[in-house]
Asker: 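Dumping the structure here so I can ask a few things about it.
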Amino acid sequence: MPEGHSVHRLARQFGDVFAGERLAVTSPQGRFAQGAALLDGHILIGSTAHGKHLFLEFENSLILHVHLGLYGAWNFGGDASFRGASSIGAPRRVGEREVRDDAGADNPAYAGPPDPVGAVRVRLTSAHGWADLRGATTCETITDAEAASVLARLGPDPLQNLAGNRESFTEAALAKRTPIAALLMDQKVIAGVGNVYRAEVLFRQGLDPWLPGTALPAEAARRLWDDTVAVMSDGVRDGRIVTTPPRYWTASEGLPAPEDSHFVYRRQGLDCRNCGTPVALAELGARKLYWCPSCQSA
DNA sequence: CGACAATGTGTAA
DNA sequence: TACACCTTGTCGA
């Protein structure tokens, strides 16, 4: 799925284009008809993200809770007020960037949303535009109490980086014999990291992915947290996961080409950008793990 | 056209 | 550990 940075961008975007608006909420696909009816015709108050979870709060105190899972995505469109609203969701290629909707820019006579294409789980429509959700693993209408129980299952979010979060992460990471690569994917330990950031921050920190949490020095865990905060914050800014610094980019303008954006993710068999050793690939917990056996030996 | 993978997660065995 | 979930782009026949 889109990792935490994409969900935080979605939260911001929903606030930008829909907050304060009365929304029609429908389920063209039908699977979410009941939950949609509970929200239909109510005003969106705000939107928040924690890790990979998105919460859209309505004025009737109900919340639309969405988790995109492996292949969920939101698409946006509308009038000029939607200019810059990106479609955000499951990437289909390495380094794929968000697709911006510029329909409103040269089409001020916005006449309403198009007919739904494909399996649209939920559609939000305001007077100015629309948003379609497809393929999400979770899409449900919940109460405040239910939202609180979702949050209770999640660890600290590096994109909130509140006081005490770094120590909470450090404590949780050092408490288990689980390999650090698995701990980074445990949303109770750190919320919002996915398979790309997991591989990339471990490389950036020179950490052996198989090192048990119990063997990780506390200082290394703190550096790992801080680097995750930094690299995911860049992701929120850029709308893309870029973990390589500019000296690794062949393009001189703007962001790097997709193939220059990562150190190890999906680079198995290719030379490590630092030492030339072939990048390794293994399965860990049914997900692919990429790392440089030479650089990541700490 | 079918098989398969994909930046996930929950549940059963 | 396996698979169910459920969507779409890519790749090979």
Side-chain angles (χ1 to χ4, degrees), chain A residues 1-10 27-32 49-54 65-75 86-99 116-123 131-140 142 146 149-155 157-159 178-179 181-204 209 228 231-236 238-244 255 258-259 261-268 281-291:
Chain A
M1 77 169 279
E3 305 193 19
H5 70 298
S6 294
V7 183
H8 280 259
R9 284 174 65 83
L10 279 166
S27 180
Q29 172 203 54
R31 286 189 48 171
F32 184 58
H50 190 115
K52 302 169 191 172
H53 295 255
L54 177 68
H65 171 220
V66 173
H67 190 298
L68 293 173
L70 192 51
Y71 37 70
W74 282 99
N75 294 302
S86 297
S87 292
I88 301 176
R92 309 298 176 190
R93 304 185 301 273
V94 181
E96 179 178 356
R97 51 180 329 163
E98 296 169 8
V99 180
V117 177
V120 177
R121 184 83 52 83
V122 63
R123 164 172 282 185
D132 283 350
L133 173 67
R134 292 183 172 75
T137 201
T138 301
C139 174
E140 57 182 1
I142 61 175
E146 290 165 328
S149 85
V150 172
L151 292 177
R153 302 199 311 262
L154 299 174
D157 182 343
L159 292 174
T178 310
L183 291 170
L184 283 177
M185 295 286 275
D186 181 346
Q187 302 297 300
K188 181 71 179 167
V189 173
I190 182 170
V193 173
N195 206 19
V196 181
Y197 281 125
R198 171 266 283 275
E200 295 293 306
V201 295
L202 287 173
F203 177 89
R204 287 165 56 102
T228 305
V231 80
M232 290 187 73
S233 298
D234 287 349
V236 173
D238 298 336
R240 256 182 64 191
I241 300 178
V242 176
T243 57
T244 49
L255 292 172
E259 59 269 25
S261 299
H262 309 139
F263 280 110
V264 291
Y265 179 71
R266 278 205 189 178
R267 298 196 72 244
Q268 70 275 19
L281 168 63
E283 293 267 340
L284 175 60
R287 306 302 301 279
K288 304 216 185 259
L289 170 65
Y290 306 83
W291 80 104

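Residue numbering restarts at 1 for every chain, and letters A, B, ... go by the order of the sequence lines.
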Asker: If you measure from the Lys or Arg side-chain nitrogens to the Asp or Glu carboxylate oxygens, is any gap between Glu283(A) and Lys288(A) under 4.0 Å?
Answerer: yes
Asker: Would you call Arg267(A) and Glu259(A) a salt bridge, taking side-chain N to carboxylate O under 4.0 Å as the test?
Answerer: no
Asker: What is the separation between atom CD on Glu283(A) and atom P on dC3(C), rounded to the nearest whole Å?
Answerer: 13 Å
Asker: Whole angstroms only, please: what is the CZ-C1' distance between Arg266(A) and dC4(B)?
Answerer: 12 Å
Asker: Looking at Arg134(A), is its backbone amide N or carbonyl O close enough to the side chain of Gln29(A) to form a donor-acceptor pair, meaning the two atoms are under 3.5 Å apart?
Answerer: no
Asker: Check the phosphate of dT7(B) against Arg287(A), side-chain N and O only, distance under 4.0 Å to OP1 or OP2. Yes or no?
Answerer: yes
Asker: Can you identify which nucleotide, out of dT7(C), dG8(B), dT7(B), has its nearest atom closest to the Lys52(A) side chain?
Answerer: dG8(B)
Asker: Check every strand shown and say whether Gln29(A) touches a base, only sugar-phosphate, or nothing at a heavy-atom separation below 4.0 Å.
Answerer: sugar-phosphate
Asker: On DNA chain B, nearest-nucleotide positions of Lys288(A) versus Gln187(A): which is more 5'?
Answerer: Lys288(A)
Asker: Quick check for you: among dG8(B), dT7(C), dT7(B), whose closest atom lies nearest to any side-chain atom of Tyr71(A)?
Answerer: dT7(C)
Asker: Looking at the rings of Phe203(A) and His262(A), which for Trp means the six-membered one, are their centres under 6.0 Å apart?
Answerer: no
Asker: Under 4.0 Å between a side-chain N/O of His67(A) and OP1 or OP2 of dT9(B), yes or no?
Answerer: yes
